[in-house]
Peer 1: 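First the structure, which I've put down as structure tokens, then a few questions once you've had a look.
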Amino acid sequence: MATIEHSAIVHAERERVFALLEQVERFTDYSDMIESIEPLGDSRYRWHIHAIGMDWSFDVQITERRAPTVLAWESVDGVRNHGRYLLESVPEGTRVTLTVDYQIRNRLLEKAVNKAAQPIANKVSQQILERIEARL
């Protein structure tokens, strides 16, 4: 299983940042790579992403929602992954740390994804946090 981490400072209070992060279906507004997110009920969502020239989809379940510090999920279908946002108050506002662990069962595809995953995840995470900050 591979791990991706990204951290950034958002110049806003933790509660305000968390309030936007927990609106998962709005992530399509925050990143160009997220094609759509379908709410499935019971804190489940179907994500459709276009990255590295491919379309990816997976269903996730929110596993922990502890405002205003933690939002965590795990996949229940599609690309196997789990991750979390950790929000910490800092003098500049809020440090948001994203950690994602994922596994792809096709070895050839996994090599290509692993090579591209960190820069893509950093770009998506950066877009999300910049656009959330702009909205605040």
Side-chain angles (χ1 to χ4, degrees):
M1 195 166 265
T3 300
I4 297 168
E5 291 186 345
H6 181 257
S7 183
I9 302 291
V10 176
H11 301 285
E13 293 176 358
R14 191 168 58 155
E15 291 78 9
R16 293 178 67 209
V17 176
F18 187 89
L20 289 180
L21 281 175
E22 74 176 338
Q23 295 175 23
V24 176
E25 60 277 1
R26 303 280 317 263
F27 275 40
T28 56
D29 297 339
Y30 305 144
S31 175
D32 301 333
M33 291 186 209
I34 302 171
E35 298 286 323
S36 66
I37 299 174
E38 301 170 48
L40 302 175
D42 259 353
S43 295
R44 289 179 70 161
Y45 301 88
R46 178 163 297 135
W47 288 61
H48 299 279
I49 296 176
H50 183 78
I52 60 171
M54 299 180 67
D55 292 319
W56 305 82
S57 69
F58 49 90
D59 292 356
V60 300
Q61 173 79 46
I62 302 297
T63 57
E64 185 177 8
R65 182 177 281 153
R66 194 167 15 108
T69 57
V70 176
L71 181 66
W73 67 90
E74 68 181 357
S75 64
V76 292
D77 187 35
V79 177
R80 187 171 176 197
N81 70 87
H82 63 274
R84 73 182 205 154
Y85 280 106
L86 176 63
L87 287 75
E88 302 170 87
S89 292
V90 295
E92 303 92 336
T94 303
R95 178 186 321 280
V96 181
T97 302
L98 168 67
T99 305
V100 178
D101 296 313
Y102 68 92
Q103 181 178 10
I104 297 173
R105 293 187 175 101
N106 179 314
R107 293 185 80 176
L108 293 175
L109 186 56
E110 184 174 28
K111 283 185 179 185
V113 170
N114 286 346
K115 186 175 182 177
Q118 185 71 42
I120 289 170
N122 283 342
K123 181 179 179 182
V124 169
S125 182
Q126 183 177 345
Q127 281 182 343
I128 289 169
L129 296 178
E130 285 174 354
R131 291 176 185 179
I132 281 176
E133 185 171 38
R135 201 169 230 147
L136 292 170

Peer 1: Which side-chain N or O atoms in residues 19-27 pair as donor and acceptor under 3.5 Å with protein atoms at least two apart or in another chain?
Peer 2:
{"unit_1": "Gln23", "atom_1": "NE2", "unit_2": "Ala19", "atom_2": "O", "d": "3.4"}
{"unit_1": "Arg26", "atom_1": "NE", "unit_2": "Asp29", "atom_2": "OD2", "d": "3.0"}
{"unit_1": "Arg26", "atom_1": "NH2", "unit_2": "Asp29", "atom_2": "OD2", "d": "3.2"}

Peer 1: Can you sort out the partners of Arg46 under side-chain hydrogen bond (donor to acceptor under 3.5 Å, both in side chains), two or more places apart, ordered by chain and number?
Peer 2: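 Partners of Arg46 under the side-chain hydrogen bond (donor to acceptor under 3.5 Å, both in side chains) test: Asp59.
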Peer 1: Check whether any side-chain heavy atom of Ile34 lies under 4.5 Å from a side-chain heavy atom of Trp47, and answer yes or no.
Peer 2: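 Touching, per the 4.5 Å side-chain cut-off.
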Peer 1: Between Tyr30 and Ile132, is a side-chain contact (heavy atoms from CB on, under 4.5 Å) present by the stated rule, with each step listed?
Peer 2: CA-CA 7 Å; Tyr30 305 144; Ile132 281 176; 3.7 Å; yes
Peer 1: Just jot down the side-chain hydrogen bond (donor to acceptor under 3.5 Å, both in side chains) partners of Glu130, sequence neighbours excluded, or say none.
Peer 2: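 Expected list: Gln126.
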Peer 1: Quick one: side chain to side chain contact (heavy atoms under 4.5 Å, CB included) partners of Ala67, sequence neighbours excluded?
Peer 2: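 Residues passing side chain to side chain contact (heavy atoms under 4.5 Å, CB included) with Ala67: Phe18.
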Peer 1: Please name all residues satisfying side chain to side chain contact (heavy atoms under 4.5 Å, CB included) with Arg95, sequence neighbours left out, ordered by chain then number.
Peer 2: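 Only Ser7, Ile9, Glu88, Val90, Thr97 meet the side chain to side chain contact (heavy atoms under 4.5 Å, CB included) criterion with Arg95.
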Peer 1: Can you find a heavy atom in the side chain of His82 that is under 4.5 Å from one in the side chain of Ser75?
Peer 2: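 No; the side chains remain at least 4.5 Å from each other.
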Peer 1: Tell me, which pairs form a salt bridge (Lys or Arg N to Asp or Glu O under 4.0 Å) where one or both residues lie in residues 32-45, sequence neighbours left out?
Peer 2: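 Counting only pairs at least two positions apart or across chains, the salt bridge (Lys or Arg N to Asp or Glu O under 4.0 Å) contacts touching residues 32-45 are Asp32-Arg131.
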Peer 1: Applying side chain to side chain contact (heavy atoms under 4.5 Å, CB included), can you list everything that pairs with Thr69, at least two apart in sequence or on another chain?
Peer 2: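 Counting only residues at least two positions away or on another chain, Thr69 forms a side chain to side chain contact (heavy atoms under 4.5 Å, CB included) with Arg14, Arg66.
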Peer 1: Any donor and acceptor pair, going by atom type alone, linking the side chain of Glu5 with main-chain N or O of Leu98 inside 3.5 Å?
Peer 2: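 Flag not set: sc Glu5 to bb Leu98 has no pair under 3.5 Å.
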Peer 1: Is there a side-chain contact (heavy atoms from CB on, under 4.5 Å) between Phe58 and His48 once you walk through the steps?
Peer 2: CA-CA 7 Å; Phe58 49 90; His48 299 279; over 6 Å; no
Peer 1: Can you list the residues that meet the side-chain hydrogen bond (donor to acceptor under 3.5 Å, both in side chains) rule with Asp55, with sequence neighbours excluded?
Peer 2: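 So Asp55 forms a side-chain hydrogen bond (donor to acceptor under 3.5 Å, both in side chains) with His50.
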Peer 1: Does Met33 offer a backbone N or O that forms a donor-acceptor pair with the side chain of Ser31 under 3.5 Å?
Peer 2: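 Answer holds: yes.
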Peer 1: Using the test side-chain hydrogen bond (donor to acceptor under 3.5 Å, both in side chains), find all partners of Trp73 that sit at least two apart in sequence or belong to another chain.
Peer 2: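 So Trp73 forms a side-chain hydrogen bond (donor to acceptor under 3.5 Å, both in side chains) with Asn81.
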Peer 1: Show the numbers, then the answer: is there a side-chain contact (heavy atoms from CB on, under 4.5 Å) between Thr99 and Tyr85?
Peer 2: CA-CA 7 Å; Thr99 305; Tyr85 280 106; over 6 Å; no
Peer 1: Work out which heavy atom in Glu13 is nearest to a heavy atom in Thr94; give both atom names and the distance.
Peer 2: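 So the two residues come closest at C-OG1, 3.3 Å.
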Peer 1: Would you say that Leu86 contacts Val96 through its side chain, given a criterion of any heavy-atom pair below 4.5 Å between the two side chains?
Peer 2: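 No, side chains not in contact.
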